[in-house]
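Structure first, then comments.
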Amino acid sequence: MPKRMTMALFSGSIDKLTAAGVVLTGAAADDMDVDIYVLLQGARAFRKDVAADATKLEMAENPQLKQEFLDSLKKLNVNPWLEFFREAKELTNVKIHVCGLAGKIWGAEKMEDFNELVDDIVGISEYITAAQESDVHLFI
Amino acid sequence: MSQEELVAIQADKVVDARGTACPGPLLAAKKAIAEITSGQVMEVLSADEGTKKDIPKWATKKNHEYMGTVEESGFFKIYLRKA
Amino acid sequence: MELVAEEKILELERRIKQLEATKKKDQLSMVVFSGELDKLLAAMIIATGATAMDMEVKLFFTFWAISALRDKEKRAKKKELTSKMFGAMLPKGTSDVKLSKMNMAGAGLSMLKSLMKKKNVASLDDLLKTAGELGVEINICEMSMDLMGLSKDEMIDYPDLNYCGVGTYLADAEESAIQLFI
(Lines give C-alpha, C1' and ligand atoms only; values in the text may rest on other atoms or scores of the structure.)
Protein backbone atom coordinates (compact mmCIF):
# COMPACT_ATOMS: atom_id res chain seq x y z
CA MET A 1 0.00 0.00 0.00
CA PRO A 2 1.38 3.45 -0.83
CA LYS A 3 2.28 5.74 2.03
CA ARG A 4 0.00 8.68 2.60
CA MET A 5 0.84 12.30 3.19
CA THR A 6 -1.50 15.00 4.41
CA MET A 7 -0.41 18.57 3.99
CA ALA A 8 -2.27 21.46 5.52
CA LEU A 9 -1.25 24.42 3.44
CA PHE A 10 -2.15 27.40 5.56
CA SER A 11 0.46 29.75 4.17
CA GLY A 12 0.04 31.70 0.98
CA SER A 13 3.54 33.12 0.90
CA ILE A 14 5.82 32.48 -2.00
CA ASP A 15 8.76 31.14 0.01
CA LYS A 16 6.64 28.66 1.97
CA LEU A 17 4.73 27.59 -1.14
CA THR A 18 8.07 26.87 -2.80
CA ALA A 19 9.18 24.77 0.19
CA ALA A 20 5.83 22.96 0.16
CA GLY A 21 6.30 22.31 -3.56
CA VAL A 22 9.72 20.76 -3.00
CA VAL A 23 8.35 18.50 -0.26
CA LEU A 24 5.47 17.58 -2.55
CA THR A 25 7.66 16.52 -5.46
CA GLY A 26 9.76 14.53 -3.01
CA ALA A 27 6.58 12.71 -2.03
CA ALA A 28 5.78 12.20 -5.69
CA ALA A 29 9.18 10.60 -6.29
CA ASP A 30 8.26 8.22 -3.51
CA ASP A 31 4.85 7.39 -5.06
CA MET A 32 3.01 8.58 -1.98
CA ASP A 33 -0.69 9.41 -2.04
CA VAL A 34 -0.98 13.06 -1.10
CA ASP A 35 -3.94 15.07 0.10
CA ILE A 36 -3.38 18.80 0.29
CA TYR A 37 -5.83 20.87 2.29
CA VAL A 38 -5.54 24.49 1.29
CA LEU A 39 -6.46 26.64 4.27
CA LEU A 40 -6.78 30.36 4.95
CA GLN A 41 -3.90 32.19 3.26
CA GLY A 42 -3.28 29.29 0.93
CA ALA A 43 -6.72 29.64 -0.62
CA ARG A 44 -5.83 33.08 -1.91
CA ALA A 45 -2.72 31.72 -3.62
CA PHE A 46 -4.87 29.19 -5.50
CA ARG A 47 -7.40 31.79 -6.65
CA LYS A 48 -7.23 31.86 -10.45
CA ASP A 49 -5.86 35.38 -10.84
CA VAL A 50 -3.34 35.12 -8.01
CA ALA A 51 -2.06 31.67 -9.07
CA ALA A 52 -1.34 33.11 -12.51
CA ASP A 53 0.88 35.85 -11.16
CA ALA A 54 3.57 35.08 -8.58
CA THR A 55 4.22 38.78 -7.97
CA LYS A 56 0.83 39.01 -6.22
CA LEU A 57 2.19 36.89 -3.36
CA GLU A 58 4.21 38.09 -0.42
CA MET A 59 7.14 36.48 1.37
CA ALA A 60 6.66 34.88 4.79
CA GLU A 61 10.06 36.13 5.90
CA ASN A 62 12.54 38.69 4.65
CA PRO A 63 10.03 40.57 2.46
CA GLN A 64 12.80 42.95 1.42
CA LEU A 65 14.60 40.09 -0.30
CA LYS A 66 11.72 39.05 -2.57
CA GLN A 67 13.40 40.08 -5.81
CA GLU A 68 16.73 38.45 -4.90
CA PHE A 69 14.81 35.31 -3.92
CA LEU A 70 12.93 35.11 -7.22
CA ASP A 71 16.08 35.86 -9.23
CA SER A 72 17.99 33.19 -7.39
CA LEU A 73 15.27 30.60 -8.04
CA LYS A 74 15.39 31.41 -11.72
CA LYS A 75 19.17 31.17 -11.86
CA LEU A 76 19.10 27.73 -10.25
CA ASN A 77 16.44 26.49 -12.64
CA VAL A 78 14.02 25.92 -9.78
CA ASN A 79 10.36 25.80 -10.80
CA PRO A 80 7.87 28.52 -9.92
CA TRP A 81 5.83 27.19 -6.99
CA LEU A 82 2.73 26.19 -8.96
CA GLU A 83 4.79 24.06 -11.35
CA PHE A 84 5.89 21.84 -8.45
CA PHE A 85 2.24 21.13 -7.72
CA ARG A 86 1.49 20.47 -11.39
CA GLU A 87 4.43 18.10 -11.79
CA ALA A 88 3.58 16.22 -8.59
CA LYS A 89 0.02 15.72 -9.82
CA GLU A 90 1.33 14.21 -13.03
CA LEU A 91 3.59 11.80 -11.17
CA THR A 92 1.48 10.56 -8.31
CA ASN A 93 -1.95 10.63 -6.77
CA VAL A 94 -2.19 14.20 -5.47
CA LYS A 95 -5.51 15.77 -4.57
CA ILE A 96 -5.82 19.46 -3.85
CA HIS A 97 -8.78 20.34 -1.64
CA VAL A 98 -9.62 23.94 -0.86
CA CYS A 99 -11.35 24.89 2.38
CA GLY A 100 -14.71 26.36 1.40
CA LEU A 101 -14.71 29.01 4.08
CA ALA A 102 -11.20 30.16 3.20
CA GLY A 103 -12.20 30.48 -0.44
CA LYS A 104 -15.23 32.58 0.47
CA ILE A 105 -13.07 34.92 2.50
CA TRP A 106 -11.11 35.70 -0.65
CA GLY A 107 -14.23 35.93 -2.80
CA ALA A 108 -13.78 32.58 -4.52
CA GLU A 109 -16.78 30.31 -4.10
CA LYS A 110 -16.94 28.06 -7.15
CA MET A 111 -14.48 25.68 -8.75
CA GLU A 112 -14.00 28.03 -11.71
CA ASP A 113 -12.74 30.72 -9.34
CA PHE A 114 -9.68 28.58 -8.59
CA ASN A 115 -6.71 27.37 -10.58
CA GLU A 116 -7.41 24.20 -12.58
CA LEU A 117 -5.14 22.13 -10.30
CA VAL A 118 -7.71 22.33 -7.52
CA ASP A 119 -9.78 19.11 -7.28
CA ASP A 120 -12.61 20.10 -4.98
CA ILE A 121 -13.90 22.43 -2.29
CA VAL A 122 -14.31 20.77 1.11
CA GLY A 123 -15.14 21.30 4.76
CA ILE A 124 -12.69 20.97 7.61
CA SER A 125 -13.69 17.51 8.84
CA GLU A 126 -12.17 15.82 5.80
CA TYR A 127 -8.81 17.33 6.71
CA ILE A 128 -8.96 16.04 10.27
CA THR A 129 -9.79 12.52 9.10
CA ALA A 130 -7.03 12.53 6.50
CA ALA A 131 -4.50 13.78 9.05
CA GLN A 132 -5.39 10.98 11.43
CA GLU A 133 -4.89 8.33 8.80
CA SER A 134 -1.71 9.56 7.12
CA ASP A 135 1.92 8.50 7.54
CA VAL A 136 3.28 12.01 7.23
CA HIS A 137 1.34 15.06 8.30
CA LEU A 138 2.64 18.57 7.83
CA PHE A 139 1.20 21.98 8.59
CA ILE A 140 2.85 24.61 6.45
CA MET B 1 31.72 -2.15 -5.72
CA SER B 2 35.10 -0.57 -6.39
CA GLN B 3 35.51 2.68 -8.31
CA GLU B 4 37.19 0.82 -11.20
CA GLU B 5 34.27 -1.58 -11.48
CA LEU B 6 31.78 1.29 -11.41
CA VAL B 7 33.61 3.24 -14.09
CA ALA B 8 33.65 0.14 -16.31
CA ILE B 9 29.86 -0.22 -16.18
CA GLN B 10 27.96 0.29 -19.40
CA ALA B 11 24.67 1.68 -18.17
CA ASP B 12 21.46 0.77 -19.98
CA LYS B 13 20.22 4.29 -19.44
CA VAL B 14 22.00 7.54 -18.68
CA VAL B 15 20.07 10.42 -17.14
CA ASP B 16 21.70 13.83 -17.26
CA ALA B 17 20.17 15.95 -14.47
CA ARG B 18 23.08 18.36 -14.16
CA GLY B 19 21.04 21.45 -15.06
CA THR B 20 18.63 21.03 -12.17
CA ALA B 21 18.67 21.58 -8.42
CA CYS B 22 16.87 19.43 -5.84
CA PRO B 23 14.36 17.82 -6.35
CA GLY B 24 15.08 17.77 -10.11
CA PRO B 25 17.61 14.88 -10.12
CA LEU B 26 15.38 12.75 -7.89
CA LEU B 27 12.41 13.25 -10.18
CA ALA B 28 14.49 12.59 -13.28
CA ALA B 29 15.67 9.33 -11.69
CA LYS B 30 12.13 8.31 -10.81
CA LYS B 31 10.86 8.97 -14.33
CA ALA B 32 13.78 7.22 -16.01
CA ILE B 33 13.76 4.08 -13.90
CA ALA B 34 10.26 3.36 -15.17
CA GLU B 35 11.74 3.09 -18.66
CA ILE B 36 14.20 0.28 -17.94
CA THR B 37 13.53 -3.32 -17.00
CA SER B 38 14.40 -5.21 -13.87
CA GLY B 39 18.14 -5.92 -13.56
CA GLN B 40 19.16 -3.11 -15.92
CA VAL B 41 21.52 -0.38 -14.79
CA MET B 42 20.86 3.35 -14.73
CA GLU B 43 23.42 6.11 -14.41
CA VAL B 44 22.34 9.50 -13.02
CA LEU B 45 24.54 12.54 -13.59
CA SER B 46 24.08 15.35 -11.09
CA ALA B 47 25.92 18.39 -9.83
CA ASP B 48 23.63 18.86 -6.83
CA GLU B 49 25.49 17.69 -3.70
CA GLY B 50 22.33 16.83 -1.78
CA THR B 51 21.45 14.29 -4.45
CA LYS B 52 24.42 12.18 -3.39
CA LYS B 53 22.64 11.30 -0.18
CA ASP B 54 19.12 11.49 -1.57
CA ILE B 55 19.15 9.11 -4.51
CA PRO B 56 20.81 6.20 -2.65
CA LYS B 57 18.28 6.60 0.16
CA TRP B 58 15.36 6.73 -2.26
CA ALA B 59 16.68 3.75 -4.24
CA THR B 60 17.10 1.60 -1.14
CA LYS B 61 13.56 2.40 -0.09
CA LYS B 62 12.25 1.42 -3.50
CA ASN B 63 14.31 -1.81 -3.31
CA HIS B 64 16.59 -0.85 -6.21
CA GLU B 65 20.25 -1.63 -5.72
CA TYR B 66 22.49 1.37 -5.11
CA MET B 67 25.78 0.36 -6.70
CA GLY B 68 27.92 3.39 -5.94
CA THR B 69 28.93 6.91 -6.88
CA VAL B 70 31.81 8.11 -9.03
CA GLU B 71 33.15 11.65 -8.69
CA GLU B 72 33.94 13.62 -11.81
CA SER B 73 35.09 17.21 -11.92
CA GLY B 74 32.14 19.41 -10.96
CA PHE B 75 29.58 16.59 -10.97
CA PHE B 76 29.14 12.92 -10.10
CA LYS B 77 27.58 9.74 -11.44
CA ILE B 78 25.26 7.55 -9.37
CA TYR B 79 24.74 3.94 -10.44
CA LEU B 80 21.54 2.03 -9.70
CA ARG B 81 20.27 -1.42 -10.67
CA LYS B 82 16.50 -1.68 -11.03
CA ALA B 83 14.74 -4.16 -8.76
CA MET C 1 -1.43 -31.20 11.88
CA GLU C 2 2.20 -30.16 11.62
CA LEU C 3 1.57 -28.55 8.25
CA VAL C 4 -1.16 -26.40 9.68
CA ALA C 5 1.13 -25.16 12.43
CA GLU C 6 3.82 -24.35 9.91
CA GLU C 7 1.38 -22.42 7.77
CA LYS C 8 0.25 -20.48 10.78
CA ILE C 9 3.81 -19.56 11.63
CA LEU C 10 4.43 -18.37 8.08
CA GLU C 11 1.27 -16.31 8.18
CA LEU C 12 2.30 -14.78 11.48
CA GLU C 13 5.78 -13.99 10.19
CA ARG C 14 4.25 -12.29 7.18
CA ARG C 15 2.02 -10.20 9.39
CA ILE C 16 4.85 -9.20 11.69
CA LYS C 17 6.87 -8.09 8.69
CA GLN C 18 3.93 -6.04 7.50
CA LEU C 19 3.52 -4.43 10.90
CA GLU C 20 7.22 -3.68 11.19
CA ALA C 21 7.15 -1.95 7.83
CA THR C 22 4.42 0.42 8.96
CA LYS C 23 5.49 0.84 12.56
CA LYS C 24 6.76 4.28 13.45
CA LYS C 25 10.06 4.81 15.18
CA ASP C 26 10.20 6.82 18.36
CA GLN C 27 11.57 9.62 16.24
CA LEU C 28 10.86 13.32 15.68
CA SER C 29 11.47 14.82 12.29
CA MET C 30 11.21 18.55 11.87
CA VAL C 31 11.55 20.93 8.95
CA VAL C 32 13.09 24.11 10.30
CA PHE C 33 12.14 26.71 7.71
CA SER C 34 11.95 29.94 9.71
CA GLY C 35 14.93 32.16 10.32
CA GLU C 36 13.25 34.09 13.14
CA LEU C 37 14.64 33.89 16.64
CA ASP C 38 11.43 32.97 18.48
CA LYS C 39 10.57 30.19 16.05
CA LEU C 40 14.13 28.87 16.06
CA LEU C 41 14.08 28.86 19.86
CA ALA C 42 10.82 26.91 19.85
CA ALA C 43 12.24 24.43 17.34
CA MET C 44 15.41 23.83 19.34
CA ILE C 45 13.56 23.54 22.65
CA ILE C 46 11.28 20.88 21.15
CA ALA C 47 14.30 19.12 19.61
CA THR C 48 16.34 18.99 22.81
CA GLY C 49 13.24 18.15 24.83
CA ALA C 50 12.51 15.21 22.54
CA THR C 51 16.00 13.78 23.00
CA ALA C 52 15.45 14.06 26.75
CA MET C 53 12.42 11.81 26.18
CA ASP C 54 14.78 9.38 24.46
CA MET C 55 13.48 10.16 21.00
CA GLU C 56 15.73 10.24 17.98
CA VAL C 57 15.65 13.72 16.51
CA LYS C 58 16.30 14.68 12.92
CA LEU C 59 16.18 18.32 11.90
CA PHE C 60 16.01 19.43 8.31
CA PHE C 61 17.13 23.05 7.93
CA THR C 62 15.82 24.81 4.81
CA PHE C 63 15.41 28.32 3.49
CA TRP C 64 15.79 31.12 6.07
CA ALA C 65 16.70 28.87 9.01
CA ILE C 66 20.10 28.06 7.51
CA SER C 67 21.28 31.61 8.25
CA ALA C 68 21.26 30.75 11.96
CA LEU C 69 23.82 28.00 11.33
CA ARG C 70 26.38 30.37 9.84
CA ASP C 71 29.52 30.89 11.86
CA LYS C 72 30.14 34.57 12.49
CA GLU C 73 33.90 34.03 12.60
CA LYS C 74 34.17 32.10 9.35
CA ARG C 75 34.53 33.59 5.91
CA ALA C 76 33.30 31.85 2.80
CA LYS C 77 36.15 31.42 0.35
CA LYS C 78 34.83 32.11 -3.10
CA LYS C 79 31.39 33.10 -4.22
CA GLU C 80 29.78 34.54 -7.29
CA LEU C 81 28.66 38.14 -7.06
CA THR C 82 24.89 37.46 -6.80
CA SER C 83 25.44 34.81 -4.14
CA LYS C 84 27.69 37.18 -2.29
CA MET C 85 25.03 39.90 -2.31
CA PHE C 86 22.19 37.64 -1.18
CA GLY C 87 24.41 36.09 1.49
CA ALA C 88 25.47 39.50 2.75
CA MET C 89 21.83 40.55 3.26
CA LEU C 90 20.99 37.50 5.36
CA PRO C 91 21.72 37.18 9.08
CA LYS C 92 25.07 35.71 10.01
CA GLY C 93 24.59 33.25 12.84
CA THR C 94 22.55 32.93 16.02
CA SER C 95 23.40 36.37 17.38
CA ASP C 96 22.11 37.98 14.19
CA VAL C 97 18.60 36.50 13.79
CA LYS C 98 15.52 38.65 14.53
CA LEU C 99 12.07 38.19 16.07
CA SER C 100 9.06 37.41 13.86
CA LYS C 101 6.68 39.95 15.41
CA MET C 102 7.23 42.73 17.92
CA ASN C 103 10.80 43.16 16.78
CA MET C 104 10.23 46.93 17.05
CA ALA C 105 13.52 47.89 15.47
CA GLY C 106 15.38 45.65 17.86
CA ALA C 107 13.77 46.83 21.10
CA GLY C 108 11.59 43.72 21.34
CA LEU C 109 14.58 41.60 20.52
CA SER C 110 16.86 42.96 23.22
CA MET C 111 13.98 42.80 25.71
CA LEU C 112 13.47 39.11 24.94
CA LYS C 113 17.18 38.40 25.19
CA SER C 114 17.55 40.13 28.56
CA LEU C 115 14.41 38.40 29.89
CA MET C 116 15.75 35.05 28.76
CA LYS C 117 18.99 35.68 30.57
CA LYS C 118 17.21 36.78 33.74
CA LYS C 119 14.93 33.73 33.69
CA ASN C 120 17.80 31.40 32.86
CA VAL C 121 16.32 30.38 29.53
CA ALA C 122 18.99 28.89 27.28
CA SER C 123 20.08 31.03 24.35
CA LEU C 124 19.93 29.74 20.80
CA ASP C 125 23.68 29.17 20.94
CA ASP C 126 23.37 27.09 24.12
CA LEU C 127 20.49 25.11 22.65
CA LEU C 128 22.48 24.29 19.53
CA LYS C 129 25.42 23.21 21.63
CA THR C 130 23.21 21.02 23.82
CA ALA C 131 21.49 19.56 20.77
CA GLY C 132 24.89 18.61 19.38
CA GLU C 133 25.87 16.91 22.63
CA LEU C 134 22.57 15.03 22.77
CA GLY C 135 23.03 13.69 19.27
CA VAL C 136 20.39 15.70 17.43
CA GLU C 137 21.03 15.22 13.73
CA ILE C 138 21.03 18.34 11.58
CA ASN C 139 20.53 17.98 7.85
CA ILE C 140 20.87 21.03 5.66
CA CYS C 141 18.94 21.41 2.42
CA GLU C 142 21.53 21.74 -0.31
CA MET C 143 19.19 23.50 -2.71
CA SER C 144 18.48 26.26 -0.18
CA MET C 145 22.22 26.73 0.37
CA ASP C 146 22.61 27.44 -3.35
CA LEU C 147 19.48 29.55 -3.37
CA MET C 148 20.68 31.79 -0.55
CA GLY C 149 24.24 31.86 -1.82
CA LEU C 150 25.71 30.22 1.28
CA SER C 151 28.71 27.92 1.29
CA LYS C 152 29.68 24.97 3.47
CA ASP C 153 32.86 26.55 4.75
CA GLU C 154 30.92 29.27 6.58
CA MET C 155 28.76 26.86 8.62
CA ILE C 156 29.20 26.22 12.36
CA ASP C 157 31.10 23.24 13.70
CA TYR C 158 28.41 20.78 14.71
CA PRO C 159 28.91 17.08 15.45
CA ASP C 160 26.22 15.60 13.22
CA LEU C 161 25.88 18.02 10.32
CA ASN C 162 24.93 16.65 6.90
CA TYR C 163 23.89 18.03 3.54
CA CYS C 164 21.04 16.41 1.69
CA GLY C 165 17.86 16.93 -0.29
CA VAL C 166 14.16 16.42 0.13
CA GLY C 167 14.33 12.66 -0.50
CA THR C 168 16.33 12.18 2.67
CA TYR C 169 13.90 14.32 4.64
CA LEU C 170 10.86 12.34 3.48
CA ALA C 171 12.49 9.00 4.16
CA ASP C 172 13.13 10.18 7.73
CA ALA C 173 9.67 11.76 8.10
CA GLU C 174 7.83 8.62 7.00
CA GLU C 175 9.29 6.56 9.79
CA SER C 176 8.88 9.25 12.46
CA ALA C 177 6.10 9.28 15.01
CA ILE C 178 6.04 13.08 15.01
CA GLN C 179 6.52 15.43 12.07
CA LEU C 180 6.67 19.19 12.35
CA PHE C 181 7.20 22.15 10.05
CA ILE C 182 8.38 25.31 11.80
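The structure displayed is predicted, hence computed values, not measured ones. Residue numbers begin at 1 in each chain, while the letters A, B, ... track the order of the sequences.
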Tell me, side chain or backbone of A/A27 under 4.5 Å from chain C's heavy atoms, or both, or neither?
both
Atom group of C/L180 that falls short of 4.5 Å from chain A, counting heavy atoms
backbone
Tell me whether the guanidinium CZ or amine NZ of C/K152 lies under 6.0 angstrom from the six-membered ring centre of C/Y163 and within 45° of its axis.
yes
Check each atom of A/D30 against the heavy atoms of chain C and say whether the ones under 4.5 Å are side chain, backbone, both or neither.
side chain
When C/E174, C/M89, C/M143, C/K24 are compared by non-hydrogen pairs under 4.5 Å with chain A, the top option
C/E174
Would you say the side chains of C/S123 and C/D126 form a donor-acceptor pair under 3.5 Å?
yes
So for A/L73, is it side chain, backbone, both, or neither that comes closer than 4.5 Å to the heavy atoms of chain C?
both
Consider only side-chain N and O atoms of C/K72 and C/S95, and report whether a donor and an acceptor are under 3.5 Å apart.
yes
Return the option, out of C/A173, C/S34, C/G167, with the maximum number of heavy-atom pairs under 4.5 Å with chain A.
C/S34
Report the distance from atom CD of A/Q41 to atom CD1 of A/I105, rounding to the nearest 0.5 Å.
9.0 Å
Close side-chain approach of C/I140 and C/M155, heavy atoms under 4.5 Å
yes
Checking C/E175 against chain A: side chain, backbone, both or neither under 4.5 Å from a heavy atom?
neither
Using heavy-atom distances under 4.5 Å, tell me whether A/L138 contacts chain C through its side chain, its backbone, both, or neither.
side chain
Only one of A/F114, A/W106, A/W81, A/Y37 passes ring pair (Phe, Tyr, Trp, His ring centres under 6.0 Å) with A/F46; say which it is.
A/W81
Result of checking C/V32, C/I182, C/L59 against C/M44 for side-chain contact (heavy atoms from CB on, under 4.5 Å):
C/L59
Report which part of C/S144 has an atom under 4.5 Å of a heavy atom belonging to chain A: side chain, backbone, both, or neither.
neither
So do the side chains of A/N79 and A/E87 get within less than 4.5 Å of each other, counting heavy atoms only?
yes
Between A/M5 and chain C, with a heavy-atom cut-off of 4.5 Å, which part of the residue counts as in contact: side chain, backbone, both or neither?
side chain
Heavy-atom cut-off 4.5 Å, strictly under: side chain, backbone, both or neither for A/M59 against chain C?
side chain
